[in-house]
There are 2 protein chains.
Amino acid sequence: MGTTQLETVPEPKYWHLKTVLSNALDSEFAVGEILPNERDLAARFGVARATLRQALEQLELEGRLQRRRGVGTTVAPPRMGVAVGDSRQVWPGAVADPWQTLGSTSGDVPAAVVRLLAPATGEAVYTVRRALTTDGQPVAAELLYVPAGSVPELTGDENAATAPGGATALPAGGAARARSVLRELHRLELDGQERTVELGSARADDARALDRLPGAPVLVVTTRYLSAGRTAAVSVATYRADTCRLTFGDAAPDLLAS
Amino acid sequence: MGTTQLETVPEPKYWHLKTVLSNALDSEFAVGEILPNERDLAARFGVARATLRQALEQLELEGRLQRRRGVGTTVAPPRMGVAVGDSRQVWPGAVADPWQTLGSTSGDVPAAVVRLLAPATGEAVYTVRRALTTDGQPVAAELLYVPAGSVPELTGDENAATAPGGATALPAGGAARARSVLRELHRLELDGQERTVELGSARADDARALDRLPGAPVLVVTTRYLSAGRTAAVSVATYRADTCRLTFGDAAPDLLAS
DNA sequence: CAGTGGTCTAGACCACGCT
DNA sequence: GCGTGGTCTAGACCACTGA
């Protein structure tokens, strides 16, 4: 009886707006072009600025737009492919590794990492900071956790106090020290590696390294390096979710470029 | 001279709020517990509801909370690990494949997929819809694109009109038809597969399948199946970014559970 | 300095899930 | 019907960038 509800799922304004803008981006804008500012755009579409921003946020999340405070909103280039795992499994910092070793930090070791490392009680952990950039653009920031047991040659001089109940971070050092950690790590045989990928939001330090605001969406890649039946190292890498696409397998990244 | 700016990076309210809530979730709430409603929470923290919502959105993005319209906000369980690629590479729909084959749809073939398939001009494409659920919860929705050339035995009865300049979708069918497409596909030898992972937002149909609102964050996994030097099929799978963590490699998903 | 995006407010109404 | 989260408004001020 009642009137058959004819096509009335009132699509949210911001959703419709996003579609309209998306089409406009495809047909009327070139990569790098600057859009009108938010107040003008909102007025043009007859919506409040908050509503327009909801649409822009979606488009930025999808990598279609790039917004920068004090500058404006520009049309983003297609996401770049970033090789994360290829067939040959190697230690971080091996030859031809595009990551840049920055140094070793002295932060806490997150509980989740401690769980993966399953270190001997109170065993110290080296923390190496690395960064990945492409064409001058920051792409990813990584923290590599190496328990002292994986690099026995380094335990000579500076022994950190062993805290009960958890891994202790070793004192910070320069890039030279970080590289020596990697060098020692390479003496081990790499038996395999396991990875997980999940969505996260950038912490304050990652945000700075990635040239984004805190809370920006990132893809968190956690890698567990296995050697002799034990976890020799754990890497937590955060990739800018807006600008890059992770590639796995033997694909040349360009093959899947859009 | 000038007063050294002492610790004044005015942290946004929503960011601070997120931290406070996050700690509260760790210490004072159990998984599944319902939080006070947004209006009460906002009043309790002395902020506008919109500001509180910004903090809740972040926490939901990180998989800490689950919000459902008409119901409330609950504490989410830890993300579940979902195996995406293991060492042995197999066709979709092989034995022990946990995906459920739903049927074949008749939608358009996205331009990005056409580029990967590189089909003969106007070659028709089968589209198979599948879904993955764990413990009754929808986890992922997949569209598998199979060019007619990959399953020659099926081209007998219904030939779609070949449109110029692009791949044509074949008419829809039931789960039985979809399964026959998979069966035929298995006759090919799988030479390898390439994957990409990127952040996306759920389209209307995916949102329905995943029991989320349109625009919800999803992890889009694009897989290219290679056989005899050619792309035999392309799968585009969208995973709920809030509830799952993709696992690669030989890891048992539980090993990396948080 | 002017102009941009980022944050925040205090309201209003709507769509949905339950009971 | 009632309470929930989802959408939307019209303003205000702030933080940052670049001329």
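In what follows, every chain begins at residue 1, and chains take the letters A, B, ... in the order their sequences are listed. If you're wondering where the values come from, they're calculated on a predicted model, not measured in any experiment.
- Residue pairs meeting the salt bridge (charged side-chain N to carboxylate O under 4.0 Å, His left out) criterion with at least one partner in residues 17-34 of chain B, sequence neighbours excluded, are B/Lys18-B/Glu62, B/Asp26-B/Arg64.
- Rounded to a whole Å, the CG atom of B/Leu65 is 11 Å from the P atom of D/dG6.
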* Verdict with supporting geometry, B/Glu60 and B/Arg53, salt bridge (Lys or Arg N to Asp or Glu O under 4.0 Å) -> CA-CA 10 Å; B/Glu60 192 181 26; B/Arg53 279 180 59 81; over 6 Å; no

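- Within a 6.0 Å sphere centred on CZ of A/Arg68, heavy atoms belonging to other residues, nucleotides or ligands number 12 at most.
- A/Leu61 is listed as a side-chain neighbour of B/Leu199, based on a closest heavy-atom distance under 4.5 Å.
- The number of heavy-atom neighbours closer than 6.0 Å to CG of B/Asp108, taken from other residues, nucleotides and ligands shown, is 12 or below.
- Looking at B/Asp242 and B/Arg212, a side-chain N of the basic residue comes within less than 4.0 Å of a carboxylate O on the acidic one, giving a salt bridge.
- Annotation: proximity of residues 67-75 of chain B to DNA chain D (heavy atom, distance under 4.0 Å) is found for B/Arg67, B/Arg68, B/Arg69, B/Gly70, B/Val71, B/Gly72, B/Thr73, numbered in ascending order.
- Side-chain proximity of B/Tyr14 to C/dT7, D/dC8, D/dG6: nearest is C/dT7.
- A side chain to side chain contact (heavy atoms under 4.5 Å, CB included) with B/Leu35 is found for one member of B/Leu59, B/Asp40, B/Thr73, B/Thr74 and no other, namely B/Thr73.
- By the side chain to side chain contact (heavy atoms under 4.5 Å, CB included) test, B/Thr105 pairs with B/Thr127, B/Arg129, B/Leu143, sequence neighbours left out.
- In this entry the distance linking CH2 of B/Trp15 with C1' of C/dC8 reads 17 Å, nearest Å.
- A salt bridge is defined here as a Lys NZ or Arg NE, NH1 or NH2 lying under 4.0 Å from an Asp or Glu carboxylate O, and B/Arg208 with B/Asp205 fails to meet this definition.
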* Criterion side-chain hydrogen bond (donor to acceptor under 3.5 Å, both in side chains) on A/Thr101 and A/Arg130, from CA distance to verdict -> CA-CA 4 Å; A/Thr101 304; A/Arg130 302 198 304 161; 4.8 Å; no

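- The shortest side-chain heavy-atom distance between B/Val113 and B/Val236 falls under the 4.5 Å cut-off.
- For DNA chain D, the residues of residues 28-41 of chain B within the heavy-atom distance limit of 4.0 Å (strictly under) are B/Asn37, B/Glu38, B/Arg39, sorted by number.
- A/Leu17 has its CG atom 13 Å from the C1' atom of D/dT7, to the nearest Å.
- In this structure, the ring of B/Tyr126 has its center no less than 6.0 angstrom from the ring center of B/Tyr145.
- A heavy-atom distance below 4.0 Å to DNA chain D is reached by these residues of residues 45-58 of chain B, ordered by number: B/Arg49, B/Arg53.
- In this structure, CD on A/Glu198 lies 12.0 Å from OG1 on A/Thr238, to the nearest 0.5 angstrom.
- Of the residues in residues 203-212 of chain A, not one comes within less than 4.0 Å of DNA chain C through any heavy atom.
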